[in-house]
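Report on the structure given below.
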Amino acid sequence: MPSKKSARLAALTVAAVCSAASTVVLTAPAHADSVRIHDIQGSTRISPYAGKQVTDVAGIVTGVRTYGSSRGFWIQDPQADDSPLTSEAIFVYTSSTPKGVAVGDAVTVSGTVQEYVPGGANTGNQSITEITKPTFTVASSGNAVPAAKVIDAKSVPAVYSPQGDTAAGGSVNGLTLEPTKYALDYYESLEGENVQVADTRVVGATDPYTELWVTVKPWEHRNRRGGTVYGSYDSQNTGRIQIQSLGKTADFPVANVGDVLEGATSGPLDYNQFGGYTLVANQIGTLKSAGLQRETTQKQSRGELAVATYNVENLDPSDATFAEHASAIVNNLRSPDIVSLEEIQDNNGATNDGTVAADQTVQKLIDAIVAAGGPTYDWRSIDPVDKADGGEPGGNIRQVFLFNPERVSFTDRAGGDATTAAGVTKVGGKAALTVSPGRIDPANAAFTNSRKPLAGEFVFRGKTVFVIANHLNSKGGDQGLTAQFQPPARSSEVQRHAQVTALHAFVKDILDTQKNADVIALGDINDFEFSDTVKILEDDGALWSAIKSLPKSERYSYVYQGNAQTLDQILISPSIRRSCDFEYDSVHINAEFNDQISDHDPQVLRFRP
């Protein structure tokens with residue numbers, strides 16, 4: 001008499017063969033002590049079999065990954081149980097390129113169940129349930145894979161995640177899945193399964209790692225350019241999903257935001273270190289371009305001062321993007337009077353030899369701007385102490401002021417260097433900086449291994465304007481939206497909040513000295529317009545983030561994991577805000593495009609001092 005396992009394997013392969021019209025040959029006996037895939041997956045994120053040996057787990061191969069550090073294949077049991085909580089698929093980790101297995105094979109797998117955390121436990125990521133150190137037997141080939149489950153607007157819940165099981169920020173690993181209530185639970189209940197999305201809009205452009213983001217919820221916080229806006233910590237946009245491919249890199253669609261993958265995109269649902277739940281496609285829809293165009297801002301009038309911030313992403317003399325950056329400044333930003341540049345590297349870029357000067361980097365950009373038909377900008381900056389300001393090792397990134405001397409003048413006050421703090425004094429009854437350019441509180445521990453704010457005095461049509469260029473502590477180290485800890489911890493805020501506390505105090509010194517002073521703090525704030533970081537800057541009415549003058553759907557300068565969000569900002573003092581005589585523009589030329597020259601969109605403010 002055959003064992004229960006033999007009967008189940010025979011039923012599995014016969015069912016598949018009936019649809020595939022091929023011959024089944026069982027090549028090995030089955031064992032009665034095996035379990036089903038949904039038993040292994042269980043009803044929580046952690047397998048009840050974690051760390052245990054399993055024998056002769058049966059399934060149909062739905063995908064084979066032959067590249068990267070996580071090589072192996074997915075199997076799925078076509079005989080699903082009646083529980084919506086338990087996935088019917090699992091990844092078999094083979095370490096090296098799997099051999100002797102192909103999509104459509106009916107297999108039995110033995111090995112050890114493991115909970116693998118992509119990127120390591122310190123990331124806070126969820127784990128993937130896998131079978132490791134496997135041995136497997138192919139029972140038959142050419143079988144139809146289980147039908148793909150459709151992920152669409154109706155199936156994905158509107159609420160993103162449950163709260164942790166202990167307190168705010170606790171782990172959700174021990175919680176029973178509620179896939180009809182929470183989006184993260186819904187995706188987890190499909191871990192490893194063959195899934196499908198159809199006619200999905202691209203909300204994150206194709207990147208160099210051949211992945212893009214789509215949404216299955218077409219109207220979820222949509223903006224006019226086809227993106228999905230991240231407007232609060234409670235609107236994570238549950239319809240977003242990452243797409244990768246099991247095929248050739250050359251065949252992956254090169255898409256911009258707003259494009260559409262027409263037809264079906266299907267394959268196993270993986271969990272990725274960078275982005276969480278990821279459809280690893282065996283089949284990718286046909287790309288239909290939306291024809292997204294780069295924006296151009298208005299030219300400032302004679303009486304308007306145009307101030308811009310632009311993160312040029314680790315620019316050094318060896319880069320091939322100078323002409324493109326120059327064209328963006330001249331043609332898309334319309335040659336602002338003052339430009340705060342972030343991520344200008346020293347003269348030999350990432351070469352770690354003690355070089356800190358960036359005059360060659362800046363001059364190459366100025367020359368390229370002239371060649372593009374723009375003005376001959378002058379510039380001011382302060383070289384950092386070697387390797388003291390973070391960023392790419394050896395690159396010594398810093399902020400730089402460009403300014404058009406035909407429109408605006410710079411007030412030089414000697415004495416500013418990497419370690420000397422700029423202060424505020426009174427000259428002729430008005431506020432003035434003690435050094436210009438100068439760095440704000442460079443010895444403050446808040447700026448350890450981070451960029452120090454650069455302050456300068458400018459004069460436009462006889463009126464002094466204080467401009468402070470910033471590149472605050474990055475969000476690196478924060479837990480992702482799909483982390484096992486919910487809500488995810490934002491550890492980078494600790495340093496950033498200390499930084500803006502110092503910046504706020506400096507701005508208050510200016511305003512306490514001269515109540516109606518025009519002050520602009522701008523740059524890569526590395527936080528959202530609704531964040532506590534910005535609230536600290538806005539405390540006591542010292543500053544106000546002018547991007548909030550735009551409709552909510554227009555407030556973004558960066559696209560991360562399919563969320564269009566604000567990192568780059570221009571904050572203004574009460575004298576500028578009260579006049580209501582200003583215009584703000586987030587000029588979308590990079591973040592939504594696959595051929596971006598920076599991952600940030602520049603921001604422009606025009607006002608009459």
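Quick note: numbers below take in every heavy atom, side chains included, and nothing from hydrogens, waters or symmetry partners. Along the sequence shown, residues are numbered consecutively beginning with 1.
Among all heavy-atom pairs drawn from A446 and Q495, the shortest one is O-NE2, 2.8 Å. Taking each heavy atom of R606 and A306 in turn, the nearest pair found is CG-CB, 4.1 Å. Closest approach of N332 and E295 over heavy atoms only: ND2-O, 2.8 Å. Between A483 and Q126, the shortest heavy-atom distance links the atoms C-CG, 3.9 Å. Closest heavy-atom contact between I382 and R398: O-CG, 4.2 Å.
Taking the six-membered ring for Trp, H325 and Y310 have ring centres closer than 6.0 Å. Note: F582 and F607 fail the aromatic proximity criterion, with ring centroids not under 6.0 Å apart.
Cation-pi geometry between K364 and F322 is met: under 6.0 angstrom from the ring centre, within 45 degrees of the axis. Cation-pi contact between R555 and F528: absent, since separation from the ring centre below 6.0 Å together with deviation from the ring axis within 45° is not met.
Around atom CD of E406, no more than 12 heavy atoms belonging to other residues, nucleotides or ligands sit under 6.0 Å away. No more than 12 heavy atoms of other residues, nucleotides or ligands lie within 6.0 Å of CG in N122, so this atom counts as exposed by the packing criterion. The neighbour count for K288 NZ, taken as heavy atoms of other residues, nucleotides or ligands under 6.0 Å away, does not exceed 12.
None of F466, F458, F460 except one satisfies the ring-ring contact (aromatic ring centres under 6.0 Å, His included) rule with F410; the exception is F458.
For the residue pair T210 and Q244, no side-chain donor N or O sits within less than 3.5 Å of a side-chain acceptor on the partner. Side-chain atoms of N590 and D601 include no donor-acceptor pair closer than 3.5 Å. D337 and N404 share no side-chain donor-acceptor pair at under 3.5 Å. For the 3.5 Å distance criterion, the side chains of Y233 and S531 fail to qualify, holding no donor opposite an acceptor. Side-chain atoms of E592 and Y556 form a donor-acceptor pair, as typed in the model, at a separation below 3.5 Å.
For V459, the side chain to side chain contact (heavy atoms under 4.5 Å, CB included) partners are S409, T411, T464, not counting sequence neighbours. Considering only residues two or more places apart in sequence or on other chains, T286 meets the side chain to side chain contact (heavy atoms under 4.5 Å, CB included) condition with none of them.
Under the 4.5 Å side-chain criterion, counting only non-hydrogen atoms from C-beta, K463 is in contact with D518.
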